[in-house]
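Here is the structure we will look at.
All chains are named by letter (A, B, ...) in the order of the sequence lines, taking the proteins before the strands, and each is independently numbered beginning at 1.
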Number of protein chains: 2
Amino acid sequence: MQTRAKDRKWQITQLGLDLLQTRGYENFSYQDISTALGITKASIHYHFPKKEDLGVALCGAIQDWHESLFRKIQQENTSNAEKLNHYIRALLEYAKGKNKICPLSSLQADVASLPANMLPALQALDRHELGFIAQLLANGRAQGEFSFPGETSHQAAIVVLTLKGALQYSRIHGSALLEPTLDQLQSLLIA
Amino acid sequence: MQTRAKDRKWQITQLGLDLLQTRGYENFSYQDISTALGITKASIHYHFPKKEDLGVALCGAIQDWHESLFRKIQQENTSNAEKLNHYIRALLEYAKGKNKICPLSSLQADVASLPANMLPALQALDRHELGFIAQLLANGRAQGEFSFPGETSHQAAIVVLTLKGALQYSRIHGSALLEPTLDQLQSLLIA
DNA sequence: GTCTATACACCGATAGAC
DNA sequence: GTCTATCGGTGTATAGAC
């Protein structure tokens, strides 16, 4: 059984996610991973022959995280406002530690140098996330819980983009503006 | 007189700005600039001995752009809503052409690998921009033109972060969501 | 100012022993 | 699965001729 291989692959993926969120895809190297794990670059290439392969695996890990989180949120018996807050807290938790941002924001920033394989995956992840939040807002508005003008997809864009932007902004300027801005963001949805 | 040197330096700076907005600071090289200008890498090093020097110059160019734009907006005899729209249009214009984003967003994404000299400049630019928008919103609200809850600085953060995020998002998914999201953003400010 | 030539570090990637 | 060794390419940067 290849549980050990799976563990190693998992280790590399987790470390890759961390580096993606801190340095960006083009700015971390196999060397970074190998020294952190105490093995050589060649060993990393055994598990992920090309960096592109690791990149695709990172997209898959993000997708797994999305699916797990979204399923959990949908199943819980709470208001849509609480569901939205759950999503926000989960993303903040995912970027916890120091100087991490949303992995999708990171990939977006490097899109010009990204391997071609990764673009469709990135697009699908973005759409999936935005669609989920739009559905949350639509449900909340239909039940009189939320009140905002315009289409839900545009309001969802404001929520998601502000959240991820605030995370990125906090990395430069500290977290003083993070929580109050997110509170403000949610207060804009209340009737 | 060194007008020719100044022109060359200006050319390099403009090209550097373009590359910053498309590829990011760590993902463009002196080679990119030299081939585009038809000179050698060594010539670029004559004008900007270290890439860090070019990076600082890029921050200065962004600052010049900010100061010029903000002065122009403040001097015009228009409503605060029109002033805000002027700022939004100016940033969209600055990222016009293909696959460009706000240069500050780009620098933020690369902050982990950025030369130490550039960080204070980046912080000052961010604060200057956010402060300007916050002042616009404060004036508009004092005059009954805008209506929104909470502090102006937090609302300004929502405006700026959504705008820049939408620009980045458009590069991946096309511009279909850009204009309606910005419309929605401004409609949230109306009483 | 711009050139040729080069130094040095790091990158992704591969071959082959163990 | 991990290692040593190495390759080719590219990055920033410098020396010195013109």
> How would you list, by chain and number, every residue that makes a ring-ring contact (aromatic ring centres under 6.0 Å, His included) with Tyr30(B), sequence neighbours excluded?
Replying inline: His45(B)

> Roughly how many Å is it from OH in Tyr46(A) to C1' in dA15(C), rounded to a whole number?
Replying inline: 16 Å

> For Tyr94(B), which residues count as a ring-ring contact (aromatic ring centres under 6.0 Å, His included) partner, sequence neighbours excluded?
Replying inline: Trp65(B)

> Residues two or more places apart in sequence or in another chain: which of them pass ring-ring contact (aromatic ring centres under 6.0 Å, His included) with Phe132(B)?
Replying inline: Phe70(B)

>> Can you measure Ile33(A) atom CD1 to dC10(C) atom P for me and round it to whole angstrom units?
In response: 17 Å

>> Using OP1 and OP2 only, check whether a side-chain N or O of Thr40(B) sits under 4.0 Å from dC3(C).
In response: yes

> For the pair made of CG in Asn27(A) and P in dC11(C), what is the distance, rounded to whole Å?
Replying inline: 10 Å

> How close or far is atom C1' of dT2(D) from atom CD of Gln11(A), stated in whole angstroms?
Replying inline: 14 Å

> Starting at CG of Leu54(B) and ending at P of dG11(D), how long is that distance when rounded to a whole Å?
Replying inline: 15 Å

>> I'd like to check the side-chain hydrogen bond (donor to acceptor under 3.5 Å, both in side chains) partners of Thr78(A); sequence neighbours left out, ordered by chain and number.
In response: Glu76(A)

> On the ring face of Tyr25(A), is Lys51(A) found with NZ or CZ under 6.0 Å from the centre and within 45° of the axis?
Replying inline: yes

>> Just to verify, what does Ser106(B) make a side-chain contact (heavy atoms from CB on, under 4.5 Å) with, not counting sequence neighbours?
In response: Leu20(B), Ile101(B)

> How does protein contact run along nucleotides 12-18 of chain D, one letter per nucleotide 5' to 3', with B for base contact, S for sugar-phosphate only, - for none, heavy atoms under 4.0 Å?
Replying inline: BBBB---

